[in-house]
K.L.:
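A single structure is presented below for examination.
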There are 2 protein chains.
Amino acid sequence: MDWSIQEIAKLAGTTSRTLRHYDDVGLLPPSRIGGNGYRYYDRTALVRLQRILLLRDLGLGLPAIADVLAGQTGEARALEGHLAWLRHEQDRLARQVASVERTIEAVGGGEEIMAKDMLDGFDHTEYREEVEERWGADAYTAGDRWWRGMRDDERAAWKERSEALGRDWTAAAESGAAPDSAEAQVLAKRHVEWLTGIPGTPAGTPGGDVAAYVIGLGEMYVADPRFAANYGGERGATFVRDALRVYAEANL
Amino acid sequence: MDWSIQEIAKLAGTTSRTLRHYDDVGLLPPSRIGGNGYRYYDRTALVRLQRILLLRDLGLGLPAIADVLAGQTGEARALEGHLAWLRHEQDRLARQVASVERTIEAVGGGEEIMAKDMLDGFDHTEYREEVEERWGADAYTAGDRWWRGMRDDERAAWKERSEALGRDWTAAAESGAAPDSAEAQVLAKRHVEWLTGIPGTPAGTPGGDVAAYVIGLGEMYVADPRFAANYGGERGATFVRDALRVYAEANL
DNA sequence: GTAGAACTTGACGTAGCGTCAAGGTCAAGC
DNA sequence: GCTTGACCTTGACGCTACGTCAAGTTCTAC
């Protein structure tokens, strides 16, 4: 009393290709192979297949299923392990959803402001809003789980610190100081310390390659006008970049 | 002012292999290629790379990222679409977690009872519990989202119906009736109607291959002693299987 | 005998790189 | 000028669990 490969596939609700695969990986060999090479399956195989499909629907991988069916791993134990992995994935997904949501918000806001700029012209208030947006984007770029966990007052303090740094950079750039001057290097040090406050970035992570990160960030300030604006335009950004590079190469 | 492939990889916090891959798929070609074939990248490329990595961290696929960077898809729109997919995944995961949790519970309970049987012997009360466990397992095998959504009274009603069916099958088998007798066929009809009440199975799904499912289930009853016990042992299970097959082939 | 359905093995494709493998290039030290 | 070691190149397999042709063989029914 046995079935052909298509018959057992229909009985169990799967495909013949899947059965051939299970044969290939040794998970479910046919119970009999005809002289013509055809695969035939009996009731025992059907039940085994049904158990396989059940565990598969729960999300277990084929090797794990093989272990369970071989009795090497208790079913409960295997599922416990799998459950832990599933919860991990849930965490990861939840964080990603939060990140994407906030990014949509930030991007949407940024685009609105840009559109407004083009339609209504330019004034100081809007400029300040835009700068704040950009700082938000910068902070986001650097590491976002952190930003969403902040309280309002913390966020305000951070913004104040950020703006002070931007003002000082702009002033230093306009004073004509050299990127390797003591003044600029002090600012670079402050900048790096500021970055260090952002967990999730190389700067805020023990063992991270801070030097490379700082240099890369400096290049971004120069190349992207959205950030350059925070440092007094492209000339200012170039100054910041050079100062950061000198500092990073000497001290990090 | 450009960097080698390793340099830019470090600056952006990724690997040279990734950069070569992005070159291969056309996502980020090097800004310059030396006479020696070496890839060199400039600031523009660095910024593009940083945007790529940012979007990648949000979970977007490389083709989607390419669309966004090419301006073919608005960033916000792309992220909205991605967000929908993420929520879908969250749903799926949540359902899987619930399924796995309940399976662990069921399996854990079953193993305890088995252990108890071997240690303490066998008595009617325990036998009944075991049967209930098995019915639970059967119901689970057939479709589990449904089972967890039931109220206690619904579950009791279901169990009563299940037990009645099992009793009637056993009685018919012991009466010596033939699988194709009218009596057995009436029971088979009841059995299928009972199965139809379980959403998520072919029997409970419009368009499902009910015949194949019913025949496969019958085979399982015979081959797996855990289920055979519910139909009065292996002889009873064989009777049930044959009756179901006759019914399915004639009516489904 | 022949058409058509079912079966076989073999091999590519999937997402995004990690990881050898084999060989050319470059900078530094002797 | 030669060696060493670091860095670069292309090429190709591996991973998950099969879906999807492709080409050839076998069974079944008329």
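Predicted model, so just to flag it, every value in this text is computed and none were measured. Here is how names work: the chains are called A, B, and so on, in the same order as the sequence lines, proteins then strands, and each is numbered from 1.
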K.L.:
So B:S16 and B:R20, side chain to side chain donor-acceptor pair (under 3.5 Å) or not? Walk me through it.
P.N.:
CA-CA 6 Å; B:S16 60; B:R20 254 174 273 135; 3.2 Å; yes
K.L.:
For D:dA17 and A:R56 - does any side-chain N or O of the residue sit under 4.0 Å from the phosphate oxygens OP1/OP2?
P.N.:
no
K.L.:
Send over the distance from A:L49 CG to D:dC18 P, rounded to a whole Å.
P.N.:
11 Å
K.L.:
Kindly compute the distance separating CZ (B:R48) from CG (B:D42), expressed to the nearest 0.5 Å.
P.N.:
12.0 Å
K.L.:
Counting side-chain heavy atoms from C-beta on, which of D:dA17, C:dC17, C:dT8 comes nearest to A:P63?
P.N.:
D:dA17
K.L.:
Any heavy-atom pair between the side chains of B:R32 and B:R39 that's under 4.5 Å?
P.N.:
no
K.L.:
Assign each of A:Y40 and A:Y22 to its nearest nucleotide of DNA chain D by heavy atoms, then name whichever residue's nucleotide is nearer the 5' end.
P.N.:
A:Y22
K.L.:
Counting C-beta onward and ignoring hydrogens, is there a side-chain heavy-atom pair between B:D2 and B:I8 closer than 4.5 Å?
P.N.:
no
K.L.:
Name every residue in residues 28-38 of chain B that has at least one heavy atom under 4.0 Å from any atom of DNA chain D, in order of residue number, or write none if there are no such residues.
P.N.:
B:G37, B:Y38
K.L.:
Atom CG of B:L19 and atom P of C:dG18: how far apart are they, to the nearest Å?
P.N.:
10 Å
K.L.:
Nearest whole angstrom, please: distance from the P of C:dC17 to the CG of B:L53.
P.N.:
9 Å
K.L.:
Looking only at side-chain atoms of A:T15, point me to the closest of D:dC18, D:dG19, C:dG16.
P.N.:
D:dG19
K.L.:
Rounded to whole Å, please give me the gap between CG in A:D23 and P in C:dG10.
P.N.:
12 Å
K.L.:
Hey, does A:R20 reach any base, or is it just sugar-phosphate, or nothing, if we go heavy atoms under 4.0 Å?
P.N.:
base
K.L.:
Tell me: CD1 of B:I65 to C1' of C:dG16, nearest whole Å?
P.N.:
11 Å
K.L.:
Can you tell if the side chain of A:I52 reaches within under 4.5 Å of the side chain of A:Y22, non-hydrogen atoms only?
P.N.:
yes
K.L.:
Quick one: which of C:dC17, D:dA17, D:dT9 gets closest to the side chain of A:L62?
P.N.:
D:dA17
K.L.:
Side-chain N or O of A:S16 less than 4.0 angstrom from OP1 or OP2 on C:dA6?
P.N.:
no
K.L.:
A:E89 has an atom CD; how far is it from atom C1' of D:dT16, in whole Å?
P.N.:
14 Å
K.L.:
With a 4.5 Å limit on heavy-atom distance, are the side chains of B:R56 and B:R51 in contact?
P.N.:
no
K.L.:
I need the NE2-P distance between A:H21 and D:dG19, as an integer number of Å.
P.N.:
9 Å
K.L.:
Are A:L46 and A:W3 close enough that some pair of their side-chain heavy atoms sits under 4.5 Å apart?
P.N.:
yes
K.L.:
For B:D24 and D:dT10, what is the distance between atoms CG and P respectively, to the nearest whole Å?
P.N.:
8 Å
K.L.:
Counting only side-chain heavy atoms from C-beta out, which of D:dA17, D:dG19, C:dT19 sits nearest to B:R17?
P.N.:
C:dT19
K.L.:
What contact category does B:S4 fall into here, base, sugar-phosphate, or nothing, at under 4.0 angstrom with non-hydrogen atoms?
P.N.:
sugar-phosphate
